[in-house]
Trainee: 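Take this structure first; my questions come after.
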Amino acid sequence: MRHTLLLLVTAPLSAQTVAPVRYDVSVPVPAARLFHVRAEFPARGKDTLYLSLPAWSPGNYEIQNYARYVRHFAAQAAGQPLFWDRADKDTWRVTTGKSDRVSVEFDYLADTIDLSMARIIGDFGQFLGTNLFLYEEGQLDRAAEVRFTLPVGWQVTTPLRGSGAGPYAAATYHELADAQTFVGKYSLDSLQVDGRWIRIAVWPADAYPAPVQRTMRADLEKIARTENALFGGPPYEHYTVFFNVIREPVNFGGGLEHAASQFDILPQGAFADALGNFGDFMVPLMSHEYFHLFNVKRIRPVEMWPYDYHAEQYTPLLWWSEGVTDYYADLTNIRSGLWTAERFLENTAQDMQQVETAPEPWSEEDGSVATWIHEVFVNSSQLYYPKGAVTGMLLDVAIRDATDNRRSLDDVTRALYTRFYQRHKGFTTADLLGLLREFGMPDVDGFYQRYINGREPLPYESVFPKAAVAVARQTVSNPFLGVNAQPGEGGKLVVQGVVPGSSAEAAGLEPGDVLLKVGEIETRPDQDWGVTFRERYRGKEGAPLAISVTRGGQARTLSTQVRERTAVSFTLAPAASPSAKQTKIWRGLTTGSTGS
């Protein structure tokens, strides 16, 4: 089968005649949690090879330096050891001894629960290509083959072309680096949508009983059909949804997109129950990651074309790549029937509330760039998701209103796909603004300068009513405890972090404290005690507040005061008496239609 990646380019004839890099991946002792990798590189005519592991994975905008997990590195040719040393943080310099082919091997520690990390646990393992596959500097267009040597009974699921133990083929290193892979024992299912196969790989296998299978297959089919239709069909030969269902304490959940797959991690409670009912985050997560097939993996900012695996690639456009993807995930859910109109509006209101409760004004472009540094205070590097989603809806409504619903943001998105991805290039902010202008967005430059590059409050109240959506804004004050506590051993809540400026910080609460009681409220993991706390202490700013914890096995009572923080909440609802035009715009938005 053939994979299409937007960053593929035609290799010169000389490159096409070079033998592929050959990789062998094995798991000699699963309990050691080590992948063993052997890679053989063409070396004819070279005195030295510069071999690197990526420092990050595309889509996960964080420097993770995968080379730090490497141990027992060695190089040889014709059975003889070769000299090697380190050239930089993620590059090995290997002398060739004038050999035609050089092989290197190493062990890779795989013990981390993360969307772009490798892990081996029991009879299961997973990795992303960026973790294990070295590349030769300047040779990213070289083809590759991968073979596996695994314990008896282990299977392989990967987007690469091949089967069984291999060989699996990749046309370029970019394709190889993008290959999320499961090995071992797990559940494997499949369905066909629009003439293409979608595989579903779930670990552990017992997390995918028949009721969950029915829900997964039905919902995935609706998501794929709806999003494929926007672009005229699926862009892959086959697609894989990889899922880790975590049954140990984990304080995150999410997904990472790939050119022919997505990898999702969720705790069991957020995944599905025994009756097959999905957690609230499941459908939005899968819709978001599937839409990344088009927006991010193919439609891509010019700053990330091609990928540089050594360093950060800053772009001001992640508000579009991630935030507008969130908007289209929401549209997918209502257009496919997975969400009601009420759920869609409720989700949009939640996005608005996240944006408005940021402690200081920030621009979407700044947030896009700052994602690499994980800001401690404003954290705009995460808020570009909800702000970008709401901005997408504002742009969509404005275009539909200005063109009497003849044009929409769908036209802009499709044009990015056909004029940039399909012409093998990335897009700039100027390109995006030009398309918005072409398809009827009024005052494009003013909107950009005020709300995307600038920091003015988004114009919800003046735009959303044009789509028959009434906006109600409320300002309320709530107690600001400011503690993140997660269930630990023994069913107790363990403090993970404390928010600056909060009552918890003033009390001296520390990560690792076992939280027992806040004021008069017992903090039990099986109850939503936070709601009870806010209701009990709302309007009591300045009142004494005792927090009971155990620290190092010793009971302690910490003293502080109730602090309050002003928050904005929104309610979105269908307009009471919409005009014919407003109704037409709402119908167009939620069905993907234009015209009357």
Side-chain angles (χ1 to χ4, degrees), residues 6-7 58-61 227 230-231 256-257 284 287-305 307 312-332 348 351-352 354-355 362-372 380-400 407-423 425-441 444-455 458-459 463 589:
L6 72 156
L7 39 80
N60 190 29
Y61 309 109
E227 296 187 359
L230 183 62
F231 295 93
L256 183 60
E257 69 276 3
S287 297
H288 177 99
E289 301 306 336
Y290 193 92
F291 196 80
H292 271 323
L293 275 171
F294 307 97
N295 194 29
V296 168
K297 297 310 297 184
R298 288 166 174 81
I299 302 168
R300 201 157 78 230
V302 71
E303 293 86 359
M304 292 191 176
W305 194 302
Y307 289 125
E312 300 90 339
Q313 286 182 276
Y314 298 103
T315 176
L317 282 160
L318 290 184
W319 70 270
W320 176 273
S321 296
E322 295 290 350
V324 173
T325 291
D326 243 7
Y327 171 58
Y328 270 101
D330 297 345
L331 284 184
T332 294
T348 304
D351 285 344
M352 294 159 60
Q354 287 188 64
V355 172
W362 56 277
S363 81
E364 296 178 55
E365 289 198 338
D366 288 348
S368 298
V369 172
T371 191
W372 292 94
S380 63
S381 60
Q382 291 302 306
L383 290 174
Y384 62 68
Y385 282 86
K387 193 168 186 180
V390 177
T391 300
M393 186 170 173
L394 291 167
L395 293 170
D396 203 356
V397 173
I399 292 172
R400 290 177 183 273
R407 294 292 192 180
S408 72
L409 199 65
D410 295 355
D411 296 297
V412 175
T413 307
R414 278 191 293 263
L416 286 170
Y417 189 71
T418 57
R419 300 185 197 179
F420 293 89
Y421 160 63
Q422 291 186 343
R423 295 178 184 177
K425 60 182 181 179
F427 72 99
T428 66
T429 295
D431 294 326
L432 175 59
L433 298 182
L435 289 175
L436 290 168
R437 192 177 297 109
E438 175 184 340
F439 290 106
M441 172 73 187
V444 171
D445 296 319
F447 187 97
Y448 165 74
Q449 291 296 350
R450 287 193 297 274
Y451 307 121
I452 297 172
N453 186 39
R455 297 171 177 80
L458 293 175
V463 176
L589 194 85

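Note that the numbering runs from 1 along the sequence shown for the chain. Because the structure is predicted, anything quoted here is derived from the model rather than measured.
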Trainee: If we only count heavy atoms from C-beta on, is the L433 to T428 side-chain gap below 4.5 Å?
Mentor: no
Trainee: Just do the side-chain contact (heavy atoms from CB on, under 4.5 Å) check on D396 and V412 with the steps written out, would you?
Mentor: CA-CA 9 Å; D396 203 356; V412 175; over 6 Å; no
Trainee: For I299 versus T413, what's the shortest heavy-atom pair and its separation?
Mentor: CD1-O, 3.6 Å
Trainee: Mind checking whether F447 and I452 have side chains closer than 4.5 Å, heavy atoms only?
Mentor: yes
Trainee: Sequence neighbours left out, what passes side-chain contact (heavy atoms from CB on, under 4.5 Å) with D326? Give chain and number order.
Mentor: H288, Y385, A389
Trainee: If only atom types and distance count, is the side chain of S368 paired as donor or acceptor with the main-chain N or O of T315 below 3.5 Å?
Mentor: no
Trainee: Any chance you could measure T391, atom OG1, to D351, atom CG, to the nearest 0.5 Å?
Mentor: 10.0 Å
Trainee: Are E257 and L293 side-chain neighbours, meaning at least one heavy-atom pair lies under 4.5 Å?
Mentor: no
Trainee: Any idea how F291 and Y328 line up, ring-wise: parallel (<30°), tilted (30 to 60°), or perpendicular (>60°)?
Mentor: parallel
Trainee: Rounded to the nearest 0.5 Å, what separation is found between the CD atom of E322 and the CD atom of E364?
Mentor: 13.0 Å
Trainee: If you look at every heavy atom in H292 and S321, which pair is closest and at what distance?
Mentor: CE1-O, 3.2 Å
Trainee: Quick check: does any side chain N or O of D411 sit under 3.5 Å from a backbone N or O of S408, one acting as donor and the other as acceptor?
Mentor: yes
Trainee: Does any pair with a residue in residues 428-439 pass salt bridge (Lys or Arg N to Asp or Glu O under 4.0 Å), and if so which ones, sequence neighbours excluded?
Mentor: R419-E438, R437-D445
Trainee: Are T429 and Y448 close enough that some pair of their side-chain heavy atoms sits under 4.5 Å apart?
Mentor: yes
Trainee: What residues form a side chain to side chain donor-acceptor pair (under 3.5 Å) with Q313, not counting sequence neighbours?
Mentor: none
Trainee: Taking the side chain as everything from C-beta on, heavy atoms only, tell me whether L230 gets closer than 4.5 Å to L331.
Mentor: no
Trainee: What are the two closest heavy atoms between W305 and R300, and how far apart are they?
Mentor: CA-NH2, 3.9 Å
Trainee: Using 0.5 Å steps for rounding, measure from the CD atom of E365 to the CH2 atom of W319.
Mentor: 8.0 Å
Trainee: Closest heavy-atom contact between P386 and Q354?
Mentor: CG-OE1, 3.9 Å
Trainee: Say whether, by atom type as modelled, one donor and one acceptor occur between the side chain of K387 and the main chain of G367 under 3.5 angstrom.
Mentor: no
Trainee: Let me confirm one number: the OH-CG distance from Y384 to L318, rounded to the nearest 0.5 Å.
Mentor: 4.5 Å
Trainee: Indicate yes or no: at least one non-hydrogen side-chain atom of T371 is less than 4.5 angstrom from one of E312.
Mentor: no
Trainee: Any idea which heavy atoms bring L409 and V324 closest together, and the distance?
Mentor: CD2-CG1, 4.3 Å
Trainee: Closest approach of S287 and T332, non-hydrogen atoms and distance?
Mentor: OG-CG2, 4.1 Å
Trainee: Holding to side-chain contact (heavy atoms from CB on, under 4.5 Å), I want the full list of residues that pass it with P284, two or more places apart in sequence or in another chain.
Mentor: N333, W339, R343
Trainee: Below 4.5 Å, heavy atoms only, C-beta onward: do L395 and Y327 meet side chain to side chain?
Mentor: no
Trainee: So Y417 and Q422, do their side chains get closer than 4.5 Å, heavy atoms only?
Mentor: yes
Trainee: Between R407 (side chain only) and I399 (backbone N and O only), is there a donor and an acceptor less than 3.5 Å apart?
Mentor: no
Trainee: Who passes side chain to side chain donor-acceptor pair (under 3.5 Å) against N295, sequence neighbours left out?
Mentor: W320, T325
Trainee: Using the test salt bridge (charged side-chain N to carboxylate O under 4.0 Å, His left out), find all partners of E303 that sit at least two apart in sequence or belong to another chain.
Mentor: none
